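Structure first, then comments.
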Amino acid sequence: METLSKLLQPIQKKTDDTGNKVTVVGVGQVGMAAVFAMLTQGVTSNIALVDVSAEKVKGEMLDLQHGSAFMRNAKISASTDYAVSAGSKICIVTAGVRQREGETRLDLVQRNTDVLKMIIPQLLKHSPDTILMIASNPVDILTFVTWKLSGLPKQRVIGSGTNLDSARFRYLLSERLGIAPTSCHGYIIGEHGDTSVPVWSGVNIAGVRLSDLNKDIGSACDTENWKVVHEKVVQSAYEVIKLKGYTSWAIGLSLAQLARAILTNAHSVHPGEHGIEDEAFLSLPCVLGTCGVYDIVRQPLTDNELQQLRKSAKVMAQVQAGIKF
Ligand SMILES: NC(=O)c1ccc[n+]([C@@H]2O[C@H](COP(=O)([O-])OP(=O)(O)OC[C@H]3O[C@@H](n4cnc5c(N)ncnc54)[C@H](O)[C@@H]3O)[C@@H](O)[C@H]2O)c1
Ligand SMILES: O=C1N[C@](c2ccsc2)(c2cccc(Nc3ccc(F)cc3)n2)CC(O)=C1Sc1ccccc1Cl
């Protein structure tokens, strides 16, 4: 009798279906930061990695597998073949090509659209009931492209949107207030990146709105210049790029948080991309759970905030009109 037979008395056949499988497409800086966050935080115990680089995807799988003793019975698979993604509850897309020197936004959008044309149909072939989560940039437009390519209802196509923007905003608020970021509540909405919109009227600590304490907060006439907190959200992105060449840990953690909300049917509120009207995918506070977006929180917005959102939607619509599907 073999050692194994001497060791174990089989009771029933083991299955690999953990019910919380997540596929990550693109094992670059963002993708692997998200994978590492999900595995070490116990968001999922079943990860599939997909990339065009066979060596890179196998190397990342092996390196993670070697850390299995420090995880919770994690199953880590990897391939350039999308069959490895079969049965995924969530497919996170971080694949993409980087902006070339002097490249226009539309050119980058078209190159990344061509990348998504290869990825999205393959993901849905193997996981027809999945939730698609997009992080690749420009994330607002590529979330729209993914929705178009997928044919899925909007509620199952979620962009990371201003999740990272809001996280940086809360960190910077916490630094100024001396309170933990988890207790500093505030949302950045609209278009991810340079033109995001901070909702100052909603910033609160334990329900105490800063706008009730300083009616000018975030405006140009605010003598305390709180608007610099939002300005630093943008500046810090460029600072990290200048210092390390890319960003990874914060966006990886933010993707893991969104994945956890979906896998645990949390019905928690997160800044996330959702198709709001016509063809505009902008970030608003979304209630997330098993089947994606359940509700959008109706935040009272000032005329100026609404005007900024409409301006973003118009710019995005112009770029989207130029995309060749
Ligand atoms: N939404 C956000 O807040 C946010 C923040 C940071 C970065 N990003 C974006 O995330 C994306 C990834 O950034 P990164 O630093 O990880 O880039 P990266 O270059 O390190 O990784 C990209 C990976 O995608 C893979 N890839 C390329 N084409 C592919 C295809 N057709 N199929 C499968 N895999 C493919 C590459 O091999 C590479 O491993 C970029 O678009 C970046 O702008 C978004
Ligand atoms: O932290 C980042 N890093 C990136 C990055 C990561 C690897 S190379 C560049 C970054 C940093 C700075 C600018 C910038 N601009 C950009 C615009 C459109 C694109 F299609 C791609 C990138 N992108 C990608 C990105 O989206 C972020 S968040 C971010 C960016 C700008 C302003 C505010 C925030 Cl919260």
Side-chain angles (χ1 to χ4, degrees), residues 23-36 48-60 78-82 84-85 91-101 103-123 133-143 145 158-172 188-198 230-255 257-258 271-273 281 283 315-316 319:
T23 286
V24 175
V25 182
V27 293
Q29 305 297 348
V30 172
M32 290 317 294
V35 166
F36 191 74
L49 307 176
V50 178
D51 200 292
V52 284
S53 169
E55 287 195 344
K56 192 170 182 184
V57 77
K58 184 175 181 182
E60 292 291 2
S79 178
T80 56
D81 180 343
Y82 281 79
V84 76
S85 68
C91 293
I92 301 176
V93 181
T94 71
V97 292
R98 285 193 183 169
Q99 212 160 354
R100 293 171 180 151
E101 196 69 35
E103 182 173 26
T104 69
R105 191 181 161 97
L106 182 56
D107 288 343
L108 175 70
V109 164
Q110 190 58 57
R111 285 199 304 134
N112 272 328
T113 295
D114 295 339
V115 166
L116 290 174
K117 282 177 187 172
M118 291 190 284
I119 295 172
I120 302 306
Q122 284 290 327
L123 287 175
M133 192 185 297
I134 309 304
S136 307
N137 265 322
V139 66
D140 318 291
I141 292 171
L142 294 186
T143 304
V145 168
I158 300 166
S160 58
T162 57
N163 205 299
L164 175 57
D165 316 58
S166 298
R168 285 182 172 144
F169 185 57
R170 294 175 64 188
Y171 164 71
L172 292 164
I188 290 186
I189 62 172
E191 193 177 354
H192 164 66
D194 297 355
T195 55
S196 63
V197 180
H230 175 245
E231 290 165 358
K232 281 184 178 176
V233 167
V234 176
Q235 290 161 11
S236 54
Y238 289 87
E239 182 182 13
V240 172
I241 291 299
K242 184 180 170 199
L243 293 169
K244 64 180 265 192
Y246 57 90
T247 49
S248 53
W249 303 125
I251 179 63
L253 287 160
S254 88
L255 292 169
Q257 183 195 57
L258 294 173
E273 214 95 63
F281 274 70
S283 277
V315 167
M316 285 165 56
V319 174

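Any value given below was found using the heavy atoms of this structure, including those in side chains, with hydrogens, waters and symmetry copies removed. Order of listing sets the numbers, starting from 1, for every ligand and every atom in it. Since the structure is predicted, the reported quantities are computational estimates derived from the model, not experimental observations.
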For this session: Say whether T247, considering both its backbone and side-chain N or O atoms, lies within less than 3.5 Å of an N or O atom on ligand 2.
Result: yes

Exercise. Which ligand 2 atoms, with their elements, are less than 4.0 angstrom from a heavy-atom of L108?
Worked result: 19 (C), 20 (F)

Seminar exercise, completed: Closest to atom 36 (C) of ligand 1 by heavy-atom distance, out of D51, V50, V25, is D51

For this session: Would you kindly specify which portion of H192 sits under 4.0 Å from ligand 2, judged on non-hydrogen atoms: side chain, backbone, both or neither?
Result: side chain

For this session: Pick whichever of L49, V97, I251 has a heavy atom sitting closest to atom 5 (C) of ligand 1.
Result: I251

Seminar exercise, completed: If you scan protein heavy atoms around atom 33 (C) of ligand 2, the nearest is G193 CA, 3.5 Å

Problem set entry | Atom of T143, atom of I134 and distance for their closest heavy-atom approach | OG1-CB, 3.7 Å

Exercise. What atoms in ligand 1 come closer than 4.0 Å to a heavy atom of N137?
Worked result: 4 (C), 8 (N), 9 (C), 41 (O), 42 (C), 43 (O), 44 (C)

For this session: Between V240, I241, D194, flag the one that comes closest to atom 31 (C) of ligand 2 by a heavy atom.
Result: D194

Exercise. At the 4.0 Å heavy-atom cut-off, does S53 count as touching ligand 1?
Worked result: no

Seminar exercise, completed: Here the atoms of ligand 1 under 4.0 Å from any heavy atom belonging to V115 are 30 (C), 31 (N)

Exercise. Numbering the atoms of ligand 1 from 1, which are under 4.0 Å from a heavy atom of M118?
Worked result: 31 (N)

For this session: List every atom of ligand 1 that sits less than 4.0 Å from any heavy atom of T247, numbering the atoms from 1 in the order shown and giving each element.
Result: 6 (C)

Exercise. Of G159, A135, G161, which has the heavy atom at the shortest distance from atom 9 (C) of ligand 1?
Worked result: A135

Problem set entry | Heavy-atom protein neighbour under 4.0 angstrom from atom 11 (C) of ligand 2 | yes

Problem set entry | Summary of side chain to side chain donor-acceptor pair (under 3.5 Å) pairs that have at least one residue in residues 112-123, sequence neighbours excluded | Q110-D114, D114-K117

Exercise. Given that the side chain starts at C-beta and the backbone is N, CA, C, O, which of these parts of I119 lies under 4.0 Å from ligand 1, counting heavy atoms, or is it both or neither?
Worked result: side chain

Exercise. What is the minimum heavy-atom distance between V109 and V319, and which atoms define it?
Worked result: CG2-CG1, 4.0 Å

